[in-house]
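Just below is one structure, and these are the notes that go with it.
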Amino acid sequence: MSVLRILAVVVATLLAGTVSAAPPNIIVIYADDIGYGDLGCYGGTGAKTPHVDRLAREGRRFTSGYCSSATCTPSRYSMLTGEYAFRRKGTGVLPGDAALIVEPGRATLPRLMRDAGLRTGVVGKWHLGIGSETGSQNWNGELSPGPFDVGFDESFILAATGDRVPCVYLENQKVFGLDPADPISVSYKAPFPGEPNGVDQRNSLTLDWSHGHNMAVVNGVGRIGYMKGGKAALWKDEDMADVFTRRAVDFIARHKERPFFLYFSTHDIHVPRVPHPRFVGKSAMGPRGDALVQFDWCVGEVLRTLDDLGLAENTLVIVSSDNGPVLDDGYKDQAVEALGDHKPAGPLKGGKYSLNEGGTRVPFLARWPGKVKPGESPAMICQVDLCATLGKLVGAKSDPAVSPDSRDLSPALLGETEVGRDHIIEHANGLAIRSGRWKLIPGTPGAAKNPQPTQLYDLDTDLGETTNISDRHPEIVVQLKGTLERIRSGRDVD
Ligand code: CA
């Protein structure tokens, strides 16, 4: 070997060492209400999702990936804090004027990333509250505490959900595009006299409601809660995916020279499902399917940006969803009627709000070329594990005292092993536990009012939770109830 050649090898080795020592970029694309069976790569047939399917092909597709709860707010809380939401009061689905529920200053996923040198940003749905007191926010000034206090350097969010007021974007904790001469007022208690509402205006709405969603009318759609003012700042539902995706892509491009962490929390496919006209009719399932196509486009734009900027190789991209699927969630958008043969939860039972597997077992994909081994994995992994897992990948250690339920599953994420969690808590209206092949829903068999039976299922032979075998395995019921109780009480954190 010539001296030059040796020198080249030494330089290459040094360079490789430098590159591997620097943390990667991390992007978490967090879908809303997309079920286990909704995406093509999980068997979905009603909408084409080529970009997500590409990510699945190039990365790892988990068949036992979980969110921690069957609704939005608690899953988001758990993912960002590493603590099961059921441990904290007030982490249920929040109104649009809720105070911030993440204790300002506590260790969080974005703070871990920032401490490791990554620039942190959140784009999209927040739904963790903002401000210090529920109902007392001044929407015309700086809203604090908020994403800054949770560890994000930058934020462009909607405060709660698309179906709740205020229907405006917040850029770095201020309403984006607000005309100071037209201030915003928000109330979750009483209507503002003279403002349109979804009951009186029902015949002129562009999307009719089926339950709730009949208070303020914004952009022809009834919402939960009342607001007035802020006309110039109101969002157009049709543009929301474009607005958020542009912001996400812009964040990536601005920080291409340094490591970054982007939490891209899409609105799709939550209600109201009002996709951009270019996606209307692009699925066989009406607006819910069209919103899936739109979500896939958002993912595609992120992947294309990474390719264009030469960042794909050094970026870990995770795609998951905050809870299982729901069809009619308050608007008459043909989700039930146009479903056809598509199975939103795939082979699983239940969906959003449910303790059955369809409530919390969701799509879970990870791609990091050269680092994450492509393929399918049965390893049980939960979003609550992202604090410890992603922390490990960037060289930061999560604090078990602050993130007690987060486990380092980086070997499973990378595909070095197919062993993940041995058990997981599932949270909806109550708690359930999956341990290996067994799934226990304790029920309330002794309750005086509306008692619910104890349910035990063998997921290896009965993934659809059709046959309750609790009578056949009383010893397993006792054992799992004990484990669940220990975790619930905090005596044995997960
Ligand atoms: Ca959700």
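For clarity, every value in this text was computed on a predicted model and none was experimentally measured. Counting starts at 1 for both ligands and their atoms, in listed order. Atoms considered below: every heavy atom in the structure, side chains included; atoms not considered: hydrogens, waters and symmetry mates.
- Both cation-pi conditions hold for R61 and Y42: the charged atom is under 6.0 angstrom from the six-membered ring centre and inside a 45 degree cone around its axis.
- Under the 6.0 Å distance and 45° angle rule, R247 counts as a cation-pi partner of F156.
- At distances below 3.5 Å, at least one donor-acceptor pair connects side-chain atoms of R223 with backbone N or O atoms of V221.
- Of the possible donor and acceptor atoms, one in the side chain of S78 sits under 3.5 Å from a partner among the backbone N and O of A85.
- Screening the protein for N, O or S atoms under 3.0 Å from the Ca ion (ligand 1) yields 6; no waters enter the count.
- Partners of P50 according to the side chain to side chain contact (heavy atoms under 4.5 Å, CB included) rule, which considers only residues two or more places apart in sequence or in another chain, are K48, D296.
- No donor-acceptor pair under 3.5 Å is formed between the side chain of T305 and the backbone N or O of V249.
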